[in-house]
Amino acid sequence: MGESEISRCFKLFAENECKGSCSLYENLSQQISEDQELLELAANARQNQPAPNLFFGAVQYLLFKGSRHELSKFYSSIVRSPGQGEKCFPHFKNFCQHNRSEIIALLKEKLVQTNEVRRCGYLYPVFCFIHRKMRKPLALMEIGTSAGLQLLWDKYCYTYGDERVYGSHDSDVKIKSEVKHNRLPLLLNESPQVASRLGFDLHVNDLHDPEDYLWLKSLIWPNHHERRALFEKAVYHVRSHRMNLIQGDGVQLLLKAVKNIPQEELVCVFHTHTANQFSTETKSKLLKDISTIGQERDICHVYNHIQDRKLHLDYYVSGKEYNRIVGGD
């Protein structure tokens with residue numbers, strides 16, 4: 001990735017991702033986009049990886065590991081002084097200069113595998129619809145599973161703007177969502193039945209491993225405290241449940257893996273904010289393979305970032321294809 005291209009990545013990251021969500025990262029991204037030395041450093045990110053996420057994750061990882069530096073004060077005081085990105089930049093750059101070799105090693109080794117547990121808030125209604133429509137136990141297959149936190153969506157508790165509670169009512173992972181335009185989707189009081197869980201990732205993160213745990217925590221933005229708290233609680237569930245997580249390319253392995261799913265179970269392939277890292281050829285192959293499977297058995301595909309940022313549900317019943325847009329970006 002050239003310097004001009006990576007500069008554009010940071011500018012877009014500041015405007016489209018950080019604005020209104022993390023002023024620290026927004027200000028740092030804007031200044032990094034104009035700093036040749038930091039752009040050269042960030043260019044060590046692995047191909048097809050979002051460089052800003054990876055870069056900021058690497059820095060926070062080193063801070064969590066105990067690197068002693070003035071920068072840590074800005075990260076730890078972000079609640080008291082949320083608008084301090086401009087003052088932070090000289091310390092950020094100095095930290096990167098002093099830890100250049102460690103940052104490069106992380107950029108070349110790590111992947112952006114953010115497990116955003118709150119995404120289950122929009123997955124739950126989709127799986128409720130699927131279960132009501134198909135009347136079969138669900139065989140979950142997640143591409144880009146990372147550590148498998150979203151594979152346990154049925155073990156979490158949900159609210160959608162009123163006093164009613166859905167899903168696993170006793171769960172300590174409580175996900176709050178807002179419903180736009182007062183159009184409440186289909187919501188089952190109890191979680192749909194899940195028969196099996198299978199996750200694929202190029203690198204599976206083992207939450208029993210302190211290094212993997214710390215890396216996933218480092219990808220959570222400094223001021224996203226609720227998100228971090230949910231992550232911690234969801235980690236407990238992952239460590240308490242046995243799941244089949246396979247290290248490998250889920251798109252390449254899908255056809256073979258589906259053959260092991262009993263016919264009485266409904267195959268549910270899903271992935272969120274993963275396909276943005278796919279090549280055009282990979283996206284085409286995945287959709288083609290889903291269609292191939294759909295000619296042989298019923299299957300559902302829940303996804304975004306293939307045609308656009310919206311949440312899509314494609315499903316096949318008796319060989320016939322149906323397509324729905326079930327959520328915005």
Side-chain angles (χ1 to χ4, degrees), residues 1 5-6 9-10 12-13 17-18 22 25 29 32 38-39 41-65 96 99-119 141-152 198-222 224 227-228 231 234-235 238 243-254 269-283 285-286 303-306 309:
M1 184 181 294
E5 185 178 354
I6 200 166
C9 283
F10 275 95
L12 291 175
F13 185 71
E17 305 294 334
C18 302
C22 183
Y25 279 4
S29 294
I32 291 169
L38 291 183
L39 290 174
L41 179 58
N44 286 280
R46 294 174 63 165
Q47 190 175 6
N48 297 325
Q49 288 294 299
N53 303 73
L54 200 58
F55 191 34
F56 286 127
V59 169
Q60 189 163 224
Y61 176 85
L62 292 174
L63 289 174
F64 282 152
K65 290 278 284 185
C96 292
N99 295 275
R100 178 179 174 82
S101 59
E102 292 89 345
I103 291 173
I104 290 175
L106 290 167
L107 293 175
K108 291 184 175 182
E109 173 195 355
K110 298 294 187 180
L111 300 171
V112 175
Q113 298 173 285
T114 308
N115 262 193
E116 177 50 85
V117 182
R118 291 180 300 180
R119 291 175 193 158
M141 306 181 75
E142 184 182 16
I143 298 174
T145 193
S146 185
L149 271 67
Q150 291 186 93
L151 275 171
L152 290 172
L198 176 61
F200 305 95
D201 209 298
L202 296 175
H203 173 75
V204 171
N205 284 286
D206 180 3
L207 289 174
H208 293 88
D209 183 335
E211 294 296 316
D212 283 355
Y213 162 78
L214 195 61
W215 174 248
L216 290 183
K217 186 177 177 181
S218 301
L219 292 171
I220 299 173
W221 296 4
H224 289 185
R227 180 179 164 193
R228 188 175 296 105
F231 169 75
V235 166
V238 170
M243 292 185 291
N244 189 8
L245 304 183
I246 297 175
Q247 190 152 296
D249 187 332
V251 176
Q252 298 296 330
L253 297 172
L254 183 62
V269 178
F270 74 101
H271 48 92
T272 59
H273 298 269
T274 297
N276 59 322
Q277 299 181 34
F278 292 172
S279 66
T280 301
E281 292 75 19
T282 299
K283 292 177 182 180
K285 174 175 171 51
L286 176 57
Y303 62 93
N304 54 14
H305 289 277
I306 290 187
R309 293 165 58 96

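Side chains included, hydrogens not; waters and symmetry mates left out as well; all remaining heavy atoms used.
Shown here for M243 and L152, the closest heavy-atom pair between the two residues is SD-CG, 3.9 Å. Across every non-hydrogen atom of F278 and I143, the tightest pair is CZ-CG2, 3.9 Å. Taking every heavy atom of both residues into account, V112 and P50 meet most closely at CG2-CG, 3.8 Å. Minimum interatomic distance between S218 and G57 (heavy atoms only, all atoms of both residues): CB-O, 3.5 Å. Considering every non-hydrogen atom in both N304 and A275, the closest pair reads O-CB, 3.6 Å. Between L149 and A234, the shortest heavy-atom contact is CD2-CB, 3.7 Å.
Side-chain atoms of H271 and I306, non-hydrogen and from C-beta on, do get closer than 4.5 Å to each other. Within the 4.5 Å cutoff, the side chain of F56 has no heavy atoms near those of the P222 side chain. You'll find the side chain of W215 stays beyond 4.5 Å of the side chain of F64, heavy atoms only. Taking 4.5 Å as the limit, some side-chain heavy atom of L216 sits within range of a side-chain heavy atom of Q113. With contacts defined as side-chain heavy-atom distances shorter than 4.5 Å, the pair K65/E102 does not qualify. The shortest distance between side-chain heavy atoms of Q49 and L107 does not fall below 4.5 Å. Contact check for C22 versus E17: no side-chain heavy atoms found under the 4.5 Å cut-off. Within the 4.5 Å cutoff, no side-chain heavy atoms of L245 are placed close to those of D206.
For the side chain to side chain contact (heavy atoms under 4.5 Å, CB included) criterion with N99, the lone passing option out of L106, I104, L62, V59 is L62.
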After noting the C-alpha distance and the side-chain angles of V204 and I246, does the key distance pass the side chain to side chain contact (heavy atoms under 4.5 Å, CB included) rule?
CA-CA 7 Å; V204 171; I246 297 175; 5.9 Å; no
Side chain to side chain contact (heavy atoms under 4.5 Å, CB included), that's the test. Do C96 and I103 meet it? Break it down for me.
CA-CA 7 Å; C96 292; I103 291 173; 4.0 Å; yes
The test is side chain to side chain contact (heavy atoms under 4.5 Å, CB included); show your working for K110 and H203 and say whether it passes.
CA-CA 9 Å; K110 298 294 187 180; H203 173 75; 5.9 Å; no
Start with the C-alpha gap between Q150 and R119, add the side-chain angles, then the distance that decides, and say whether side chain to side chain contact (heavy atoms under 4.5 Å, CB included) holds.
CA-CA 8 Å; Q150 291 186 93; R119 291 175 193 158; 3.3 Å; yes
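A distance of 6.5 Å separates CD in E142 from OG1 in T272, rounded to the nearest 0.5 Å. Atoms NZ and CZ, on K217 and R228 in that order, are 7.0 Å from each other to the nearest 0.5 Å. If you take CG on L111 and CG on N53, they are separated by 12.0 Å, rounding to the nearest 0.5 Å. In this structure, CH2 in W221 is found 11.5 Å from CD in Q60, a value given to the nearest 0.5 Å. The structure places CG of L39 at 10.0 Å from SG of C9, a figure rounded to the nearest 0.5 Å. We find the OH-CZ distance between Y25 and F55 to be 10.5 Å, quoted to the nearest 0.5 Å.
With no hydrogens or angles considered, no side-chain donor-acceptor pair links D201 and S146 at under 3.5 Å.
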